[in-house]
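Every chain is numbered from 1 and lettered A, B, ... according to where its sequence line falls, protein lines coming before strand lines. The figures that follow rest on heavy atoms only: side chains count, while hydrogens, waters and symmetry mates do not.
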2 protein chains.
Amino acid sequence: MQKNSLMTTRDTIIQVADHLIRDKGFNAFSFKDISIAIGIKTASIHYHFPTKTDLGIATIKGHIERLEALKAELENKSPLTKLEGFFSIYSAVKSENKVCIVGSLATDLHTVEEGIQKELKVLAEKILEWVTEILEEGKAKNAFAFQVAPRTKALLIITNMLAIVQLSRLTKADDFTLLKETIIQELKPKTE
Amino acid sequence: MQKNSLMTTRDTIIQVADHLIRDKGFNAFSFKDISIAIGIKTASIHYHFPTKTDLGIATIKGHIERLEALKAELENKSPLTKLEGFFSIYSAVKSENKVCIVGSLATDLHTVEEGIQKELKVLAEKILEWVTEILEEGKAKNAFAFQVAPRTKALLIITNMLAIVQLSRLTKADDFTLLKETIIQELKPKTE
DNA sequence: GTCTATAGCAGGATAGAC
DNA sequence: GTCTATCCTGCTATAGAC
């Protein structure tokens, strides 16, 4: 990863940290990794982020911002387009064989400071709310058919995505695409 | 966790390591943690397991053994009983607010040595095979109804379990039970 | 804002006594 | 099989020059 000249050093650090967390986990990445990746000394990283916790929080906040932006961008689109937009996040994750930030930090939850835990809970709730809304709208418009409560269906779909990027590191990378397409297919109303 | 006098020191170390990995992650637990938990010095742990990798491999092998034992124990039971047996693994995980060993190590996969990666792949494949078999049998006996291929349905169900123990650390602990019961309900054939 | 230098600590691992 | 003592490495973080 090379520092893009259009980005601030601060944002570049966050971007590299994000990739490292999702590739190796929060406890396995070091300031040295970032230092090497962007050609800056570790002491300089501390100027932008006094502690590793600060960097972790900023990384999660970045995800929240991008999620809000995606949601706003798709506001007037169809429920199916919205859901595909949500899935596109995980397609990008899988294309690099990384994992979802929520899954990565949830497994490390009991080792990170409270600031990170709190911010992660905000992100998880926002994801769950958005997918629930998409499913509710889809059902109301007969774009989707499912029997359980929208929030329950959202949990089922989110857990499918969150875990398949992890599990397909061990089974087959293709299993990601298989699940993504199966989920969309099963949501379509049966024409009888 | 206290050393049970009926267990060998070796097995006690594995048991503690397993809990630590699923609570904090492989990179966050230390020999010192085990040392404190069972009242033995870290150097003594190295007598049983020369390296941390050796301990990690032994921990995964323990899971494989218990999975095979559970599978054998349920061999002559109904598909529903088998599936509930599989879910009981995750109920136990969730009751301690820990996560599945597969998810924990999959997120750390790129930081562990090849021996651990290989053993984890064996475990993941065995889980996938078993659940696929249960679903195939259940469909053949009209105990379960589902539209997709058994292996695909197994992936959907396993990812639900694997991720809900992670995600419900952030949303609600009850979400685990909600998903478990929803999955069983949805598998039941519709009586029309 | 980035650097050099270093403090201070914790980790995995080993040697050798008992 | 467990102990004490220690090595070496890598980590987060800080001080102070430029």
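- Cation-pi contact between B:Lys52 and B:Phe29: present, with separation from the ring centre below 6.0 Å and deviation from the ring axis of at most 45°.
- Within the structure, the side-chain hydrogen bond (donor to acceptor under 3.5 Å, both in side chains) test picks out the following pairs touching residues 140-153 of chain B (sequence neighbours left out): A:Asp175-B:Arg151, B:Glu137-B:Lys141.
- The side chain of B:Tyr47 contributes no N or O atom lying less than 4.0 Å from OP1 or OP2 of D:dT2.
- Using a 4.0 Å cut-off between charged side-chain N and carboxylate O, B:Glu133 and B:Lys71 make a salt bridge.
- Classification of A:Lys126 and A:Glu68 as a salt-bridged pair holds, one side-chain N sitting under 4.0 Å from a carboxylate O.
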- line: Per-nucleotide protein contact along nucleotides 4-18 of chain C, 5' to 3', at a 4.0 Å heavy-atom cut-off (B base, S sugar-phosphate only, - neither), is B------SSBBB---
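- Protein atom NZ of A:Lys24 is 12 Å distant from nucleotide atom C1' of D:dG10, rounded to whole Å.
- Applying the salt bridge (charged side-chain N to carboxylate O under 4.0 Å, His left out) test to residues at least two apart or on different chains, the pairs with a partner in residues 104-120 of chain B are B:Lys61-B:Glu119, B:Glu114-B:Lys118.
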